[in-house]
Structure formats: C-alpha cells, structure tokens
Amino acid sequence: MKEIKVAPIKNGTVIDHISCGMAFKVLKILGISDANVDSTVSVLMHVPSKKTEWKDIVKVEDKELEPIEVDKISLVAPDATINIIRNFEVVEKKTVELPDVAVGILKCGNPNCVTNSREPVRTEFVLKSRNPIQLSCSYCGRELENIVDHII
C-alpha cells in the first residue's frame, strides 16, 4: 500500500483532534477560503485516531491563532488540540476549552432579541451543558440550535 505523507510546516498551527467532518467549519472560522490563501494549508479528513475512532486535522503555515478563534473552534471541535509550530518544532500544545460565557462570537437565533436590533449590544451566551454543548442567550434566554450556523 502506498502512503501519502503531509509535509511538516516550518511555522504555524496544527489543529488536531477536530471532530470528524468539521475541518471545513474550522477553515471557515479561520477565514480561510480558496480565494484568500497566502500560505500552505493542509486539511486531513477522516484520519484514524487512537483517542477517537476518526478525526480531522488542519495545518496552517504562518498563522498562530487568536484567542477568539480558539473559542470559536471549541464550539465545533471541543476535543481539539492546538499545536504551535516554530522552526519545525512543537513549542506549545494546548487543548481547547469551552468558554463558560461566549461573548461576541455567536449570533442569537431569536430575531426579537436585543442583540439583533440596532442597539450596540455584544452577544453573550452562557454554557448550560458541555456534552452535548448547549448555550443560551443571556438576554432573551433562547437556546441555540445548530451552534455551527450561529458562529460569527
């Protein structure tokens, strides 16, 4: 069997242990599309895993994640690990953590919520459950359904 290897990155970020099938959602969170890629991006999907049966992996050259991006990723891949690479070496490895309160990263699904009006109010969602992930709006109490579709 011929094996295809993915080249290591010199500097950047490897997001490992992404929930299977969520790699493209992670790319969307990072604002990476085919129209705006300036460096190497590797997407591995449905890769065998020792922790879970299957996983996705995203490798992005020349990018280190902002804390808000990590918070957003935690919503679609709560078991993900973030590896910071410098000069081909892992210099930092961390597991994402779901925030207890998600501020400014989700849009409320209630059209009548004050956060969807012209008022200068940042959205705020409280984590009600980690497994399954359940979030509710601090202003109107609406629980989010299909969280991925509400990420700003």
Side-chain angles (χ1 to χ4, degrees), residues 6 8-9 11-33 36-37 39-86 89-152:
V6 177
I9 58 176
N11 297 300
T13 302
V14 176
I15 307 161
D16 197 359
H17 302 289
I18 299 169
S19 309
C20 197
M22 300 304 273
F24 289 117
K25 301 289 185 187
V26 170
L27 291 176
K28 182 178 179 183
I29 288 168
L30 299 177
I32 296 172
S33 68
N36 68 350
V37 177
S39 53
T40 302
V41 175
S42 300
V43 178
L44 294 88
M45 297 180 72
H46 212 250
V47 178
S49 170
K50 292 178 185 172
K51 282 186 180 180
T52 59
E53 197 170 339
W54 301 100
K55 66 180 179 179
D56 291 353
I57 303 169
V58 172
K59 297 170 73 172
V60 185
E61 185 108 35
D62 300 324
K63 178 168 180 63
E64 289 189 23
L65 304 184
E66 299 293 328
I68 195 166
E69 292 172 316
V70 175
D71 284 348
K72 290 178 182 182
I73 289 169
S74 75
L75 297 171
V76 298
D79 298 319
T81 56
I82 310 291
N83 299 293
I84 306 300
I85 312 297
R86 293 191 190 120
E89 298 290 329
V90 176
V91 296
E92 184 180 347
K93 183 173 187 161
K94 58 186 171 188
T95 304
V96 299
E97 292 183 28
L98 284 167
D100 291 328
V101 179
V103 179
I105 63 174
L106 294 161
K107 179 176 174 50
C108 186
N110 177 359
N112 295 320
C113 181
V114 68
T115 62
N116 288 321
S117 68
R118 296 183 191 264
E119 298 295 324
V121 178
R122 291 184 76 192
T123 62
E124 182 176 291
F125 288 84
V126 176
L127 183 65
K128 297 292 185 180
S129 170
R130 293 184 184 279
N131 192 10
I133 299 172
Q134 293 178 324
L135 298 157
S136 65
C137 178
S138 295
Y139 296 98
C140 71
R142 166 125 357 141
E143 199 168 289
L144 275 186
E145 294 181 17
N146 200 0
I147 293 168
V148 173
D149 292 339
H150 290 86
I151 296 174
I152 299 173

Trainee: Side chains of Phe125 and Leu144: does their closest heavy-atom pair fall under 4.5 Å?
Mentor: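 When only atoms from C-beta onward are counted, Leu144 and Phe125 do touch, with a gap below 4.5 Å.
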Trainee: With rounding to the nearest 0.5 angstrom, report the CD1 to NE2 distance, Ile105 to His150.
Mentor: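 It comes to 13.5 Å.
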Trainee: Distance-only, no hydrogens or angles: does the Asp79 side chain make a donor-acceptor pair with backbone N or O of His17 under 3.5 Å?
Mentor: no
Trainee: Sequence neighbours excluded, which residues qualify as side-chain hydrogen bond (donor to acceptor under 3.5 Å, both in side chains) partners of Glu69?
Mentor: Lys63
Trainee: Checking Ser138 now: which residues fulfil side-chain hydrogen bond (donor to acceptor under 3.5 Å, both in side chains) with it, not counting sequence neighbours?
Mentor: Glu124
Trainee: Tell me the closest heavy-atom pair linking Val148 and Met22, and the distance in Å.
Mentor: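 Taking Val148 first and Met22 second, the nearest heavy atoms are CG2-CE, 3.6 Å.
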Trainee: According to side-chain contact (heavy atoms from CB on, under 4.5 Å), who are the partners of Ile133, at least two apart in sequence or on a separate chain?
Mentor: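 side-chain contact (heavy atoms from CB on, under 4.5 Å) check on Ile133 returns Pro78, Leu98, Leu127, Leu135, Ile147.
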Trainee: Counting C-beta onward and ignoring hydrogens, is there a side-chain heavy-atom pair between Ile85 and Val91 closer than 4.5 Å?
Mentor: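 With C-beta onward as the side chain, the pair stays apart.
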Trainee: Taking side chain as C-beta onward, heavy atoms only, is Ile84 less than 4.5 Å from Leu65?
Mentor: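 Side-chain contact under 4.5 Å: no.
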Trainee: Is the closest side-chain heavy-atom distance between Met45 and Phe24 below 4.5 Å?
Mentor: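 Touching, per the 4.5 Å side-chain cut-off.
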Trainee: How close do Cys20 and His46 get, counting heavy atoms only, and between which atoms?
Mentor: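 Heavy atoms of Cys20 and His46 come nearest at SG-CD2, 3.3 Å.
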Trainee: Would you say that Glu97 contacts Asp71 through its side chain, given a criterion of any heavy-atom pair below 4.5 Å between the two side chains?
Mentor: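 No, every pair of side-chain atoms sits at 4.5 Å or beyond.
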Trainee: Under a 4.5 Å cut-off applied to non-hydrogen side-chain atoms, are Arg86 and Glu64 in contact?
Mentor: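 The answer is yes, as the side chains (C-beta and beyond) meet within the 4.5 Å cut-off.
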Trainee: Over all heavy atoms of both residues, which pair between Pro48 and Lys55 is shortest? Give the atoms and the distance, please.
Mentor: O-CE, 4.0 Å
Trainee: How long is the span from the CD atom in Gln134 to the CD atom in Glu143, to the nearest 0.5 Å?
Mentor: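 Gln134 CD to Glu143 CD: 4.5 Å, rounded to 0.5 Å.
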Trainee: If you look at every heavy atom in Val43 and Ala23, which pair is closest and at what distance?
Mentor: CG1-CB, 3.7 Å
Trainee: With sequence neighbours excluded, what pairs up with Thr115 under the side-chain contact (heavy atoms from CB on, under 4.5 Å) test?
Mentor: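 side-chain contact (heavy atoms from CB on, under 4.5 Å) check on Thr115 returns Cys108, Cys113, Val121, Thr123, Tyr139.
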Trainee: From Cys140 SG over to Asn112 CG, what is the distance, rounded to the nearest 0.5 angstrom?
Mentor: 9.0 Å
Trainee: Heavy atoms, side chains only, cut-off 4.5 Å: are Val58 and Val14 in contact?
Mentor: no
Trainee: Any heavy-atom pair between the side chains of Ile57 and Ile18 that's under 4.5 Å?
Mentor: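 The answer is no, as the side chains (C-beta and beyond) never meet within the 4.5 Å cut-off.
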Trainee: Would you please name every residue forming a side-chain hydrogen bond (donor to acceptor under 3.5 Å, both in side chains) with Asn83, sequence neighbours left out?
Mentor: none
Trainee: Would you call Lys94 and Glu92 a salt bridge, using N to O less than 4.0 angstrom?
Mentor: yes
Trainee: Check the pair Leu27, Val41 against side chain to side chain contact (heavy atoms under 4.5 Å, CB included), reporting the backbone distance first and the verdict last.
Mentor: CA-CA 9 Å; Leu27 291 176; Val41 175; 3.9 Å; yes
Trainee: Which pair of heavy atoms, one from Ala77 and one from Ser19, lies closest together, and at what distance?
Mentor: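 Heavy atoms only, the tightest pair is CA-OG, 3.7 Å.
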Trainee: Carefully, step by step, assess Asp100 and Arg130 under the rule salt bridge (Lys or Arg N to Asp or Glu O under 4.0 Å).
Mentor: CA-CA 9 Å; Asp100 291 328; Arg130 293 184 184 279; 2.8 Å; yes
Trainee: Are any side-chain N or O atoms of Lys72 and backbone N or O atoms of Ile152, one a donor and one an acceptor, separated by less than 3.5 Å?
Mentor: yes
Trainee: If every non-hydrogen atom of Asp62 is compared with every non-hydrogen atom of Ser39, which pair is closest and at what distance?
Mentor: OD2-CB, 3.8 Å
Trainee: State whether the side chain of Ser129 and the backbone N or O of Pro132 hold a donor-acceptor pair below 3.5 Å, judged by distance alone.
Mentor: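 Yes, the answer is positive, given that a donor and an acceptor are paired below the 3.5 Å cut-off.
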Trainee: Using the rule given for side chain to side chain contact (heavy atoms under 4.5 Å, CB included), can you reason through Leu75 versus Leu106, listing the C-alpha separation, both sets of side-chain angles and the distance that settles it, and then say yes or no?
Mentor: CA-CA 10 Å; Leu75 297 171; Leu106 294 161; 3.8 Å; yes
Trainee: Of all residues at least two apart in sequence or in a different chain, which pass the side-chain hydrogen bond (donor to acceptor under 3.5 Å, both in side chains) check with Lys25?
Mentor: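 If we apply the side-chain hydrogen bond (donor to acceptor under 3.5 Å, both in side chains) test to Lys25, skipping adjacent residues, there are no hits.
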Trainee: Kindly determine whether Ile15 and Ile73 satisfy side chain to side chain contact (heavy atoms under 4.5 Å, CB included), including the steps that lead there.
Mentor: CA-CA 9 Å; Ile15 307 161; Ile73 289 169; 3.9 Å; yes
